Asker: 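First the structure, which I've put down as structure tokens, then a few questions once you've had a look.
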Number of protein chains: 2
Amino acid sequence: MNAPSPAPRGRTSTKRAAIAETLAGFDDFRSAQDVHVAMRQTDQRVGLATVYRTLQAMVEGGELDSLRSETGEVTYRLCSGSHHHHLVCRVCGKALEVRGPAVEKWAEATAAAHGFREISHTVELVGTCSDH
Amino acid sequence: MNAPSPAPRGRTSTKRAAIAETLAGFDDFRSAQDVHVAMRQTDQRVGLATVYRTLQAMVEGGELDSLRSETGEVTYRLCSGSHHHHLVCRVCGKALEVRGPAVEKWAEATAAAHGFREISHTVELVGTCSDH
DNA sequence: ATTAGTGCAAATGGTTTGCAGATGT
DNA sequence: ACATCTGCAAACCATTTGCACTAAT
């Protein structure tokens with residue numbers, strides 16, 4: 001195992017802060033493109049490439065959580081540190097963090113039963129929320 | 001709910017059969033590109049677009065199971081009808097079908113607890129198999 | 001000064017689509 | 001004949017990368 005990356009960042013980046021703040025304005029998963037558009041609408045001038053690069057760096061730094069949407073794009077969201085999964089609304093995109101000890105156990109047990117090691121699992125729940 | 005698509009296919013397609021057979025030769029998930037390459041190596045001449053189109057049609061027809069690899073490509077595999085999840089080896093790609101009644105229950109319960117309806121879930125286990 | 005951070009435009013790479021020709025019924 | 005199936009090449013689109021430039025230390 002490797003340590004939770006001790007934030008080995010370079011110098012203080014203005015854009016990075018702006019991107020983080022934009023992301024903080026959302027409470028669901030957004031794509032790099034979404035973030036880029038949102039920033040331009042707020043007069044913030046930033047290159048799409050920078051958004052992509054920064055978002056990736058933040059994921060590696062453990063500041064963001066990322067997952068792939070049903071259409072294949074990578075989406076990001078500020079995230080609490082502990083392990084959890086998501087319950088996403090297919091209509092409005094609202095995402096809730098949910099925990100499932102039962103699932104974790106099951107994943108470990110199932111993998112072990114088949115001789116698999118270093119298991120990582122993906123669990124995403126998609127549904128229609130009560131507002132729709 | 002809608003019925004499990006009663007195979008509303010058009011006429012008998014030679015290529016479709018060939019693609020299905022190629023896929024039958026694998027026991028793990030393969031991308032459209034993989035299938036295409038495999039077919040050319042077996043003298044079978046087929047267009048990449050046809051492979052993509054056919055694969056999609058087969059998924060809609062319920063003949064194939066598809067999932068997105070960690071790199072974002074869509075991969076396919078002939079699949080048994082009933083609901084299940086996968087345990088995939090990150091080294092060799094070997095994929096086992098696993099069932100998890102506990103997970104299904106949890107998913108339903110969790111979604112319901114938050115007022116979500118028409119829930120669908122994704123569960124994928126990735127690990128290193130005993131051969132590696 | 002040095003070097004990480006950034007923007008822009010060009011390059012990638014998987015997937016989709018338009019259209020003309022081949023094929024099954 | 002007629003509609004579907006195919007192949008090819010062009011189009012798409014999210015993401016990545018090369019390079020010159022700006023800004024933080």
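Reckoned from all heavy atoms, side chains included, excluding hydrogens, waters and symmetry mates. Naming: A, B, ... by sequence-line order, numbering from 1 per chain. Quick caveat, the model's predicted, so the values are computed rather than measured.
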Asker: Need to verify one output field. Residue with the more 5' nearest nucleotide on DNA chain C, B:Thr14 or B:Ser31?
Answerer: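 So the residue in question is B:Ser31.
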
Asker: Evaluate the side-chain proximity of A:Val126 to B:Phe116: yes if any heavy-atom separation is below 4.5 Å, no if none is.
Answerer: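 Not touching, per the 4.5 Å side-chain cut-off.
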
Asker: Ignoring backbone atoms, establish whether A:Gln56 has a side-chain N or O less than 4.0 Å from OP1 or OP2 of D:dT16.
Answerer: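 Answer yes for this pair, as a side-chain N or O of A:Gln56 is under 4.0 Å from OP1 or OP2.
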
Asker: Given D:dT6, D:dT15, C:dT6, which nucleotide is nearest the side-chain atoms of A:Thr54?
Answerer: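 For A:Thr54, the side-chain atoms sit closest to C:dT6.
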
Asker: Pick base, sugar-phosphate or nothing for B:Arg53, based on heavy-atom distances below 4.0 Å to the nucleic acid.
Answerer: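 If one applies the 4.0 Å heavy-atom cut-off, B:Arg53 turns out to touch a base.
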
Asker: Considering only heavy atoms and no angle criterion, is a donor-acceptor pair shorter than 3.5 Å present between the side chain of B:Arg68 and the base of C:dG14?
Answerer: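 By the distance-only test, no, there is no pair.
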
Asker: If you assign each of A:Gly47 and B:Gln33 to its closest nucleotide in DNA chain C, which residue comes earlier from the 5' end?
Answerer: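 Nearer the 5' end of the strand: A:Gly47.
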
Asker: Between D:dG7, C:dT15, C:dG7, spot the one nearest the side chain of B:Leu48, thanks.
Answerer: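 It is C:dT15.
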
Asker: State, with a plain yes or no, whether a side-chain heavy atom of B:Val88 is found less than 4.5 Å away from one of B:Lys94.
Answerer: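 SC-SC contact between B:Val88 and B:Lys94 ruled out.
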
Asker: Should the pair B:His85 and B:His121 be assigned to parallel (<30°), tilted (30 to 60°) or perpendicular (>60°) ring geometry?
Answerer: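 Taking B:His121 first and then B:His85, their aromatic rings sit tilted (interplane angle of 30° to 60°).
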
Asker: Out of curiosity, does B:Val59 fall in the hydrophobic cluster containing B:Tyr52 (side-chain heavy atoms, cut-off under 4.5 Å, transitive links)?
Answerer: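 Each belongs to a different hydrophobic cluster.
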
Asker: Give the rounded distance in Å between these two atoms: CG of A:Asp34 and P of D:dC13.
Answerer: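 Spelled out: CG on A:Asp34 to P on D:dC13 is 15 Å.
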
Asker: Taking OP1 and OP2 of D:dG7, is either one under 4.0 Å from a side-chain nitrogen or oxygen of B:Lys15?
Answerer: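 Yes, because at least one side-chain N or O of B:Lys15 sits under 4.0 Å from OP1 or OP2 of D:dG7.
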
Asker: Would you please confirm or rule out a distance under 4.0 Å between OP1 or OP2 of C:dT6 and any side-chain N or O of A:Ser13?
Answerer: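 Looking at the OP1 and OP2 atoms of C:dT6, one of them is under 4.0 Å from a side-chain N or O of A:Ser13.
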
Asker: Can you tell me how far C1' of C:dG14 sits from CZ of B:Arg30, to the nearest Å?
Answerer: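 Going from CZ in B:Arg30 over to C1' in C:dG14 covers 18 Å.
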
Asker: Compare side-chain N and O positions of A:Tyr52 against OP1 and OP2 of D:dT16 and report whether any pair is under 4.0 Å apart.
Answerer: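 Result: no.
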
